[in-house]
Amino acid sequence: MSILVVGSVALDTVETPFGRADDALGGSATFFSSAASLFGPVQLVGVVGDDYPLDALSFLAERGVDLAGLEQARGESFRWSGVYSFDLNTRETLETRLGVFADFEPKIPEAFRDAEWVFLGNIDPELQLGVLDQVYQPRFVACDTMNLWIDIKRDRLLELLRRVDLLLVNDAEARQLSGDHNLARAARWIMDRGPRYLIIKKGEHGAILFTPHSTFFAPGFPLEEVFDPTGAGDAFAGGFMGHLAQCGRLDDGDLRRAVIYGSVLGSFAVERFSVERFKDLSPEEIEDRVRAFREMTVFELPVDAGV
Ligand code: AMP
């Protein structure tokens, strides 16, 4: 089943302690599609300027990403640049140049409007609401956001939360949104405002899934080489949604497994700059890492534990 994603398609300039990439492929929709398309078809809606190297996206088209909703407008593409600290856990945004993204109003092609699975990448909540007005009857809608929108578009964001099934945020965003430093209470606060499910990402320290009935924690996959954390969150979302759309169910076990696929796809994203790692990533490598994940996290209680 196809997934509709709406988000940024960017050119990123990224500096990490290990090197630098200039004007590399980036953006939430790009990272999401690179990961989700390893599970099934994806429909992408976004905008680029007339300076965008569209040919560089052909690997996505070859993998079943429908780019019919990718507008090319006159002007400069969205550009983001950032620099990472030595431990790669914090980053500073050096520049955000909106270019054609400033006037972006997502237009969902008729053929995409009956999407069952929808991912609203991190864009203005106003635009995310606009997307929901254009899709007919999605079965599952997930959305991302960021500190900027929590600051300046809080009311619209709260309106959006009433209309989505899942919110994915990092721990700082969950605290900022709820005004509570305690993550368990922050989670309850957020879920009381609409989303049935919530994922709080904690970077290399993993992610927590909250459902109405349970809480599930998955660690980050321990890697020896971490090169560039950009896009890990969107790749996580791509792996998570990709697995759900592929299995077509939303049982507790499916959601938990989807978190593992999210964590695994996020871990591949950081191994190279930009979306490079996804270009030759095979389903076998994904399954091997999922199995390794299970090996590292499963344990038995002693037989006399009485539980
Ligand atoms: P992540 O590391 O998962 O938070 O995603 C990083 C990606 O988000 C980069 O590729 C950027 O191009 C993109 N990005 C950064 N700031 C924004 C923004 N304000 N709106 C949309 N996309 C952004």
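Because the structure is a prediction, the values reported are computed rather than measured. Both ligands and their constituent atoms are indexed starting at 1 by order of listing. Side chains are part of it too, since the values below use all heavy atoms of this structure and drop only hydrogens, waters and symmetry mates.
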- Message: Quick one, Y261 with E287, criterion side chain to side chain donor-acceptor pair (under 3.5 Å). Give me CA distance, side-chain angles, the key distance, then yes/no.
- Response: CA-CA 9 Å; Y261 277 95; E287 293 309 322; 2.9 Å; yes

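- With a 4.0 Å cut-off on non-hydrogen atoms, R91 touches ligand 1 through its side chain and not its backbone.
- Atoms of ligand 1 found under 4.0 Å from any heavy atom of G233 (numbered from 1 in listed order, with element): 3 (O).
- For a threshold of 3.5 Å applied to N or O pairs, the pair formed by F31 and ligand 1 contains no separation below that value.
- In this structure Y84 satisfies the side chain to side chain donor-acceptor pair (under 3.5 Å) test together with R91, T230, sequence neighbours excluded.
- For the pair R185 and W189, the cation-pi test (distance below 6.0 Å, angle within 45°) is failed.
- Listed by number with element, the atoms of ligand 1 under 4.0 Å from a non-hydrogen atom of G27 are 9 (C), 10 (O), 12 (O).
- Using a 4.0 angstrom heavy-atom cutoff, R79 does not count as in contact with ligand 1.
- Summarising the contacts of atom 23 (C) of ligand 1 with F78, W149, F32, the nearest heavy atom is found in F78.
- Short contacts between ligand 1 and D234, defined as distances under 4.0 Å to a heavy atom of the residue, involve ligand atoms 1 (P), 3 (O), 5 (O).
- Note on ring orientation: taking the six-membered ring where Trp is involved, the planes of Y197 and F140 are tilted (angle from 30° to 60°).
- Among all protein heavy atoms, the one lying closest to atom 16 (N) of ligand 1 is W80 CD1, 3.7 Å.
- Using a 30° and 60° split on the angle between ring planes, F18 and F227 fall in the parallel class, below 30°.
- Among protein heavy atoms, the minimum distance from atom 22 (N) of ligand 1 is reached at S8 OG, 2.9 Å.
- Summarising the contacts of atom 2 (O) of ligand 1 with G231, G7, S28, the nearest heavy atom is found in G231.
- Of all atoms in ligand 1, numbered sequentially from 1 with element shown, those under 4.0 Å from a heavy atom of G26 are 10 (O).
- No more than 12 heavy atoms of other residues, nucleotides or ligands lie within 6.0 Å of CZ in R188, so this atom counts as exposed by the packing criterion.
- Residue contact check: A10 has heavy atoms under 4.0 Å from atoms 12 (O) of ligand 1.
- Listed by number with element, the atoms of ligand 1 under 4.0 angstrom from any heavy atom of T230 are 2 (O), 6 (C), 9 (C), 10 (O).
- Considering backbone and side-chain atoms alike, T96 places every N or O at 3.5 Å or more from each N or O of ligand 1.
- By the 30° and 60° cut-offs, the orientation of the rings of F119 relative to F32 is parallel.
- Annotation: salt bridge (charged side-chain N to carboxylate O under 4.0 Å, His left out) contacts involving residues 45-63, sequence neighbours excluded, comprise D51-R79.
- Residue-environment remark: CE (M296) exceeds the threshold of 12 foreign heavy atoms within 6.0 Å.
- For atom 12 (O) of ligand 1, the nearest protein heavy atom (residue, atom name, distance) is D12 OD1, 2.7 Å.
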